[in-house]
Colleague: 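There's a structure below that I have some questions on.
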Amino acid sequence: MNLLVCISHVPDTTAKINFDAAGKALDATGVQFVINPYDEFSLTKALHLKEAHGGSITVLNVGGPETEPTLRKALAIGADQAIRINATPTDAITVAKELKNHISANTYDLILCGQESIDYNGQQVPAMLGALLNLPFVNACVDLTIDGSSANATGEIDGGHATYSGSLPLVVGGKKGLVEEKDLRIPNMRGIMTARSKPLQVLEASESDTATQAIKFVKPAGKSSVKLVDSVDELVHLLHNEAKAI
Amino acid sequence: MDAFHHPDYYQLDDLLSEEHKMVRDATRDWIKRSVSPIIEDYAQRAAFPDHLVKEMGEIGLFGPYISEEYGGAGLDHMSYGLMMQEVERGDSGVRSTCSVQSSLVMFPIYAYGSEAQKRKFLPKLATGEFLGSFGLTEPNFGSNPGGMTTNFKEDGDDVILNGAKMWISNAPFCDVAVVWAKNESGRIKGIIVERGMEGFTTPETHNKWSLRASATGELVFDNVRVPKSNILPGRDGLGAPLSCLDSARFGIAWGALGAAMDCYDTALRYSKERIQFGKPIAGFQLQQKKLAEMITEITKAQLLTYRLGQLKNEGKATTGQISMAKRNNVEIALKIAREARQMLGGMGITGDFSIMRHMMNLESVVTYEGTHDIHLLITGLDITGENAFV
């Protein structure tokens, strides 16, 4: 199987997020970056599929040179080769088009993404990619089995799950459930050493313009301190007159 | 609680390669997943988490600087140091297991062993299928290992080994032991003793208040018949085991730094959250003095270990330089553990925090692999040329 995993390079989940003075871009000072956790579930699923069916795993990222350590980590975990499309991932449609341009020029049996990236949480790229490639797409995928050239994929829907069957290729937006957290792999030292010599190819971007531009990012207001009250009457009074919540 | 972010006051991360950072972060992730959740319980019960040995092998913590041909990862010494830093941030006992396996068992076999010995033992030691121990210290010969009485006599294709070694990490669970003993002419040689050889026993040392999650014991040899092919052919004399100690002490210098970082991180977080007299205790001068001194000492120790790592990679690190780093870093770690313990008040003595465990562990670390005082004499000899050991 020729497996492709799309990888985003995102701030660590515990990073303190700030924006630049103009409020137009993330201030990356002191921020540690990691493989997008949703993508990590998909990468781990790809490793399981490769171990069961054989084949090769390519990890693909749209980003600048600063994202290469994230791709190297994916290689250390077990991907066979990495490709970085040299572009700033400014908005979802631009990223999806870059991915599509590469994918349509190659042959992949399965395209695994995370359901969303935890930086901007747009939940758009995998669906756009499916549409641009004219391929079936299963979002919030929590189970996937492959049998020859066909696949069964289960995705979360409101209040339940839906299972679909179809033929490959397929685009999947994965999340926890596709594999479990305990299945996520820490690169071992030999893997880190081996990652040195695995290919990391840089391709120039093919899309020149971004569709949208960020005007301003605003962080949510900080939480105010807790006020302890002594009686229900006082609580009702405060909720009604001060918070105006009731 | 936020993830651990190591103190990096002088931006030393900028000097590390992406690969070094990946090695460190992978080790940190493994510690977080497999060690931190269980280690307090094992330490409280004075039990050795032997299930971790295989995991340590899988993640690659054993002999990382040994070539891939023999099961290692072929990484550099800086990588090894960073691994030891992260492992000891989890627990000194677990780090001791790694240090012994890598520097005291795999290193001498790799550096002084025959090709057959390397092929027989190193791959299994690298995966954790075999656990190793190192026998140098004896009941009456600690700081003076050259006086050892453990000895062997030739008998055909074998030697007959007699004697006893004490304070041996991993001893109760070890499959192989690299033992240093004198031949009939009084020359020190390294011998690989294997579990199951008749007359070889490994009684456990009980009632330790330190390194409680690490198994310590004796190696006792009562007319143990060992094939001559198990003698390390590459080097003999006291310099051979001492070179192993150089490698282990290098790892300890990094490891102690990890324990210090963990204590500092705990104290810093706690001081920001603990309210007394209406404000966080971090806002009081006496607490700030403690924290400011801790980060200063950690930063100095980081600079020392970083440079030592460079020297070790270039093959230029001397015994004196390694001694200085081991002595300094363990001392500052112990002081930081004690100060951090005070900052947490009563909470500091409980197992809810790692500080007291680190502090008790470091009481061993300050003594083993060359005592705190002996390291001063190594430095003293190095700078004056005068031997003050005897």
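A note on names: the letters A, B, ... follow the listed sequences, proteins ahead of strands, and every chain is numbered from 1.
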Colleague: Is it the case that atom OH in B:Y10 sees more than 12 heavy atoms from other parts of the structure closer than 6.0 Å?
Modeller: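 Atom OH in B:Y10 is not packed in, count stays at 12 or less.
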Colleague: Chain B heavy atoms under 4.5 Å from A:Q32: which part of the residue, side chain, backbone, both or neither?
Modeller: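 Interface part for A:Q32: side chain.
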Colleague: What are the two closest heavy atoms between B:G74 and A:M193, and how far apart are they?
Modeller: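 Looking at all heavy atoms of both residues, the closest pair is O-CE, 3.3 Å.
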Colleague: Could you report the tightest heavy-atom contact between A:P187 and B:I59, atom names first, then the distance?
Modeller: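 Here A:P187 and B:I59 meet closest at O-CD1, 3.9 Å.
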Colleague: Could you measure the distance from the CE atom of A:M189 to the CD atom of B:E58? Nearest 0.5 Å is fine.
Modeller: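 Separation between the atoms: 12.5 Å.
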Colleague: What residues of residues 13-25 of chain B make heavy-atom contacts with chain A at a cutoff under 4.5 angstrom?
Modeller: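 Heavy-atom contacts from residues 13-25 of chain B to chain A are B:E18, B:E19, B:M22, B:V23, B:D25.
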Colleague: So, for A:I186 and B:A26, which heavy atoms are closest and what is the spacing to 0.1 Å?
Modeller: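 Closest approach of A:I186 to B:A26: CG2-O, 3.3 Å.
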Colleague: Is the side chain of A:R190 donor-acceptor paired with the backbone N or O of B:E68 at a distance under 3.5 Å, no angle test?
Modeller: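 Looks like yes, one N/O pair under 3.5 Å.
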Colleague: Given that the side chain runs from C-beta out, which part of A:L184 has a heavy atom under 4.5 Å from chain B: side chain, backbone, both or neither?
Modeller: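 Contact with chain B: backbone only.
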Colleague: So if I take each residue of residues 81-104 of chain B and look for any heavy atom under 4.5 Å from a heavy atom in chain A, which residues do I end up with?
Modeller: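 The list, in residue order, reads B:M83.
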